[in-house]
Enquirer: 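First the structure, which I've put down as structure tokens, then a few questions once you've had a look.
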Amino acid sequence: MAPRLTADWAVWGKPPQTNSGYKVLDACPPDRSADFNGDIHHWSPGTPAPGDRLPWITIGPCTGPDGTGRVGVFVLEATDAVDRTSRPICRINHFAVPVADVGELGLGWHALAEAALDTAPRSGAPGAVPAELSVTDDGRLLDRVSGLITARVTEGSRWLAAAAAYLLDGTVVVTGGRDYSALDLLLVLDCVAALLPYGMRSTLSAATWTSSGQEVRMRLYWGVADEDQGLTSLAWGAGLPDLGRLSPEARSYHDLLIEAWTRHGSDVVLEHLADAREPMDIDGPDAHDDALRVLGRLDPALAVAQEVREGREVESERLDAALSHPLADPRSVSLLSERKLAGHSTDMAALARHLVQPEVSQAFRNQIVDDLLNDRPDGALRRFESARDATSGTREGLEPLDQVLALVIDAVRGWAGSEAPDPVVEQLLPAVAPFPVGTMAFTQSLLLATRGLAGRLVHALCAGPEPAADVLAWLRWLGDGSAPKAAGSAELAPLYELLESGHGTPTRKWTTAHPEAAVRLLGAAAACGLAEHVLHGDFFQGLINCAFRTTPSDAFEIPPGTLLKGVLEVRPHGVRPESAARWDVLCALTGLPPLALFTLAEAPERHGSAGLSTRLDGYITTLCSELDCHPVRTHATLVVQMLLEGVLNVDPKTGEGPDRAGRELTVRLLERPGPHIQVVADAVRRLTEEPHWHETEHDERWLKLIAGRLPQLGPALALRAVHRAARVAEGSPQDVRDLAAHLYTARRAGADSESLSVPLESWAARERTGQRVLALLTAYRKTWEAYAGADQAREERLNLELALARGGRDSGVWHHYRDHAIRQLTAERTGFEQDIRDLRRKQQTADEEIARLRNLGAGSFPGRS
């Protein structure tokens with residue numbers, strides 16, 4: 001059964017053969033005649049001229065008695081009656097249909113007008129009751145406009161789209177079409193309005209014709225152009241309208257409409273717009289935005305892509321929503337992906353599904369490369385991980401990302417060079433979870449085929465906090481579940497065996513053939529806690545040979561000795577004392593301190609674990625054993641020398657000397673005979689010459705023990721006593737005499753003046769330097785005079801002065817002393833000169849007295865009276 005609409009109605013006209021004005025002649029309900037009269041006057045299309053083709057149909061919004069919206073249909077027709085002046089009388093049949101009923105049926109203007117025309121002759125019948133408008137089964141808007149609107153975009157489609165866009169900006173008058181019926185004309189207007197959200201019909205009005213010069217209130221109508229009214233005139237069937245006069249917002253709507261139409265066809269677009277039935281005010285300030293919002297919901301990718309093309313800012317969340325939409329087209333996806341990658345967001349979940357699209361894949365790759373080459377590895381990492389998390393994790397699911405990563409590796413190496421640090425394998429990949437075996441075949445192939453690239457990845461993984469599990473997982477992926485064979489990274493296969501089974505140390509033949517790989521294997525094994533498995537036997541002896549190789553096995557490698565030094569600089573952890581000793585042998589041969597011994601000494605003393613003495617026993621036993629074995633034997637002296645240089649030193653900031661491990665190592669070495677005894681003596685002697693050393697009680701006891709075993713260190717230890725005394729002595733006369741006595745004792749023990757000047761300078765520089773040095777040298781001379789006479793005392797003082805003058809550690813001390821001594825002597829000399837002058841005056845006085853007395857004796861004495 002065809003749907004029926006219940007409508008209020010009114011008949012507007014005037015009685016024939018009278019001079020009465022036009023008014024509502026009849027209405028239902030009767031008490032709304034005044035309202036109906038106002039609506040009819042408001043939407044009046046004007047007065048038809050003779051010859052005008054009628055009826056004229058106007059449709060516009062009205063308000064019902066309960067305040068709800070109504071769709072007003074106004075049918076202006078001619079009658080056979082005339083007024084008293086013989087002017088023909090026109091009649092308007094007006095029907096007011098609830099907006100909700102019209103929207104529920106999805107009716108257009110054409111169907112409403114058709115039903116109104118059918119009902120109009122029965123309006124005004126006796127016993128006024130609401131009218132029943134019968135709508136045919138095909139009265140739905142979409143059914144009516146489908147015949148005029150083509151599925152694909154044509155010239156006619158573009159005319160309709162332009163008219164809809166201009167309708168958003170303001171009033172549109174369509175010219176032409178005078179030969180068409182009113183319903184046909186209304187159907188064209190229906191087609192225009194159908195390209196806007198259906199809800200805008202609640203405020204939209206239309207007319208099939210208006211009289212010239214009439215003040216027209218309709219938003220869309222057929223008529224004669226009148227540019228003075230500021231409206232837009234569009235000619236039907238006369239070519240495409242000029243889009244240049246559209247506002248930017250209306251132009252955006254037009255372009256998006258054409259894009260959606262091209263992409264999805266008219267049926268999808270019209271259905272979508274027809275479903276948008278929430279009321280919208282076409283005259284409101286948000287009309288353009290509302291229309292764009294509704295149309296954009298059909299295909300967010302198209303809508304957001306248009307905003308991007310127009311240069312508008314788009315939030316990352318909207319980009320993600322558009323990229324996630326199932327209707328997103330490749331062209332939009334490409335544009336949206338570029339904008340997404342250019343922003344700050346690193347959430348690639350929405351973009352990842354489009355990596356199969358070449359343009360998106362290339363943009364993603366370029367962004368990762370840009371991040372890596374411009375020192376933004378964190379950004380590259382977050383983008384890559386986000387994209388990976390969005391995949392299924394299968395071989396097929398990861399394939400687009402696999403191709404991207406392989407191209408990124410290739411591009412980065414092309415830009416940075418094969419010898420430069422590789423941020424992909426050294427920063428990006430080590431930070432992500434290992435790939436499942438059997439996936440990422442392109443990346444796997446590239447890593448295995450490019451010389452040294454897989455090795456760089458493993459080396460970077462070894463720098464992690466607990467690398468063993470990660471390294472094994474990556475090696476399994478590289479080798480598809482077995483030992484990988486990677487160009488330029490021969491160490492990976494034995495490393496895989498070590499991690500997988502805990503054994504499989506390479507032979508001497510393999511180590512000789514792959515010296516650089518052997519060194520890298522040592523570093524990886526140590527990082528993974530497997531140093532114990534490689535630091536022995538043939539492999540260890542092969543590493544000894546590597547320490548002295550300064551020429552690489554081929555042009556692509558770093559010299560083994562250089563490479564080994566870099567590996568050894570990272571302290572091994574969790575090794576037994578025996579392995580630590582072998583590690584330090586390698587350290588000594590490459591010029592490094594005994595790093596493994598430091599690690600042993602710093603290990604916390606746990607309950608039930610071996611103490612430091614026990615650990616040192618194992619360390620020293622293995623060390624001495626290795627020193628006696630080929631090929632270490634020929635370098636034993638060098639090894640001991642480097643070990644002692646590492647442990648017998650002083651921290652210049654704190655003055656702390658050797659720790660317990662260093663002291664015990666020295667004693668243990670003295671317990672074993674051999675040529676290294678002299679090396680120990682020389683090392684201890686150098687330690688005693690260090691002026692900044694603040695010995696503890698442990699140090700003093702240790703030095704006494706060393707002195708008992710190395711008598712030749714007597715001078716050095718006596719000199720050390722001078723250092724201790726200088727460190728605590730102040731400037732009092734007693735402290736000066738005591739320090740002078742220590743200097744004398746050390747000199748008699750064999751210390752030279754050059755060595756004595758060092759603690760003297762340190763002591764003197766604390767305050768009043770010149771005065772202190774002069775007082776000490778004076779006391780030093782007096783001490784020598786007491787035991788060896790004045791001549792020897794003057795010579796020893798002179799020697800010490802010369803040592804100070806030659807600079808020592810602080811030549812400024814000499815200058816202070818010299819200047820102070822000169823000032824003192826100058827003052828004394830001035831005193832001597834005064835004394836001389838005083839003596840000369842006394843001498844002159846004596847001479848004068850003598851002369852007076854002599855003269856007095858030679859003359860006669862005066863007589864007495």
Side-chain angles (χ1 to χ4, degrees), residues 106 141-143 145-168 191-200 240-241 243 246 248-277 288-312 314-315 317-341 350-364 400:
L141 172 65
L142 296 180
D143 296 330
V145 301
S146 60
L148 275 177
I149 300 179
T150 58
R152 295 299 166 196
V153 176
T154 63
E155 185 170 343
S157 306
R158 292 184 182 277
W159 189 96
L160 293 172
Y166 272 113
L167 191 56
L168 283 173
C191 290
V192 173
L195 298 179
L196 294 175
Y198 188 90
M200 284 192 166
L240 294 178
L243 302 178
L246 285 171
E249 296 81 6
R251 180 59 187 264
S252 293
Y253 185 85
H254 170 273
D255 293 347
L256 180 58
L257 183 62
I258 294 298
E259 284 278 346
W261 202 332
T262 303
R263 168 75 176 154
H264 303 291
S266 62
D267 289 346
V268 173
V269 175
L270 291 172
E271 186 79 38
H272 175 75
L273 292 172
D275 286 340
R277 298 183 185 180
H288 294 85
D289 293 338
D290 289 342
L292 273 171
R293 174 177 51 81
V294 169
L295 182 57
R297 286 203 299 257
L298 170 65
D299 189 336
L302 283 178
V304 178
Q306 177 168 297
E307 293 184 43
V308 171
R309 279 192 292 270
E310 292 172 352
R312 287 190 273 168
V314 179
E315 298 85 353
E317 293 76 11
R318 292 188 62 216
L319 289 172
D320 290 342
L323 287 168
S324 302
H325 199 272
L327 297 179
D329 63 291
R331 181 165 168 259
S332 297
V333 164
S334 177
L335 186 64
L336 296 175
S337 298
E338 277 193 36
R339 173 60 66 88
K340 174 71 177 177
L341 291 167
L351 181 145
R353 60 189 288 262
H354 301 291
L355 286 177
V356 294
Q357 188 173 323
E359 296 84 1
V360 177
S361 176
Q362 180 177 351
F364 183 62

Enquirer: Atom OG in S146, atom CD in E271: separation rounded to 0.5 Å?
Expert: 11.0 Å
Enquirer: Starting at CD of E259, measure out to CG of D329 and round the result to the nearest 0.5 Å.
Expert: 7.5 Å
Enquirer: I need the L256 CG to L295 CG distance, nearest 0.5 Å.
Expert: 4.0 Å
Enquirer: Where the side chain of W261 meets the backbone of A151, is there a donor-acceptor pair that is under 3.5 Å apart?
Expert: yes
Enquirer: How about T154 and S157: does a side-chain donor come under 3.5 Å of a side-chain acceptor?
Expert: yes
Enquirer: So, taking the atom named CG in L160 and the one named CG in L148, what distance separates them when rounded to the nearest 0.5 Å?
Expert: 7.5 Å
Enquirer: Are L168 and M200 close enough that some pair of their side-chain heavy atoms sits under 4.5 Å apart?
Expert: yes
Enquirer: Anything under 3.5 Å between a donor and an acceptor, one on a side chain of residues 354-363, the other on a protein residue two or more places apart or in another chain? List them.
Expert:
unit_1: H354; atom_1: NE2; unit_2: L323; atom_2: O; d: 2.6
unit_1: Q357; atom_1: NE2; unit_2: P330; atom_2: O; d: 2.6

Enquirer: Which heavy-atom pair separates R158 from L240 by the least distance, and what is that distance?
Expert: CB-CD2, 3.7 Å
Enquirer: Keeping the roles fixed (side chain from R263, backbone from L327), state whether a donor-acceptor pair exists under 3.5 Å.
Expert: yes
Enquirer: I need the minimum non-hydrogen distance between R353 and P326, along with the two atoms involved.
Expert: NH2-CA, 4.5 Å
Enquirer: Do side-chain atoms of S332 reach the backbone of A328 as a donor and acceptor pair under 3.5 angstrom?
Expert: no
Enquirer: Taking S266 for the side chain and T150 for the main chain, is one N or O donor matched with an acceptor at less than 3.5 Å?
Expert: yes
Enquirer: Looking only at non-hydrogen atoms, find the nearest pair between A260 and L302 and report the distance.
Expert: CA-CD1, 3.5 Å
Enquirer: Under 4.5 Å between any side-chain heavy atoms of D320 and L351, yes or no?
Expert: no
Enquirer: May I ask you to decide if Y166's main-chain N or O and H254's side chain share a donor-acceptor pair within less than 3.5 Å?
Expert: no
Enquirer: Tell me whether S334 contacts the main-chain N or O of R331 through its side chain, where contact means a donor paired with an acceptor under 3.5 Å.
Expert: no
Enquirer: Kindly give the heavy-atom pair with the smallest separation between L292 and E249, and that separation in Å.
Expert: CD1-O, 4.2 Å
Enquirer: Let me confirm one number: the CG-OH distance from D289 to Y253, rounded to the nearest 0.5 Å.
Expert: 13.0 Å
Enquirer: Indicate the atoms forming the closest heavy-atom contact of E307 with R318, along with that distance.
Expert: OE2-NH2, 2.6 Å
Enquirer: Which heavy-atom pair separates L319 from R339 by the least distance, and what is that distance?
Expert: CD1-CG, 3.7 Å
Enquirer: I would like to know whether W159 and V192 meet side chain to side chain contact (heavy atoms under 4.5 Å, CB included); could you show each step before the answer?
Expert: CA-CA 9 Å; W159 189 96; V192 173; 4.1 Å; yes
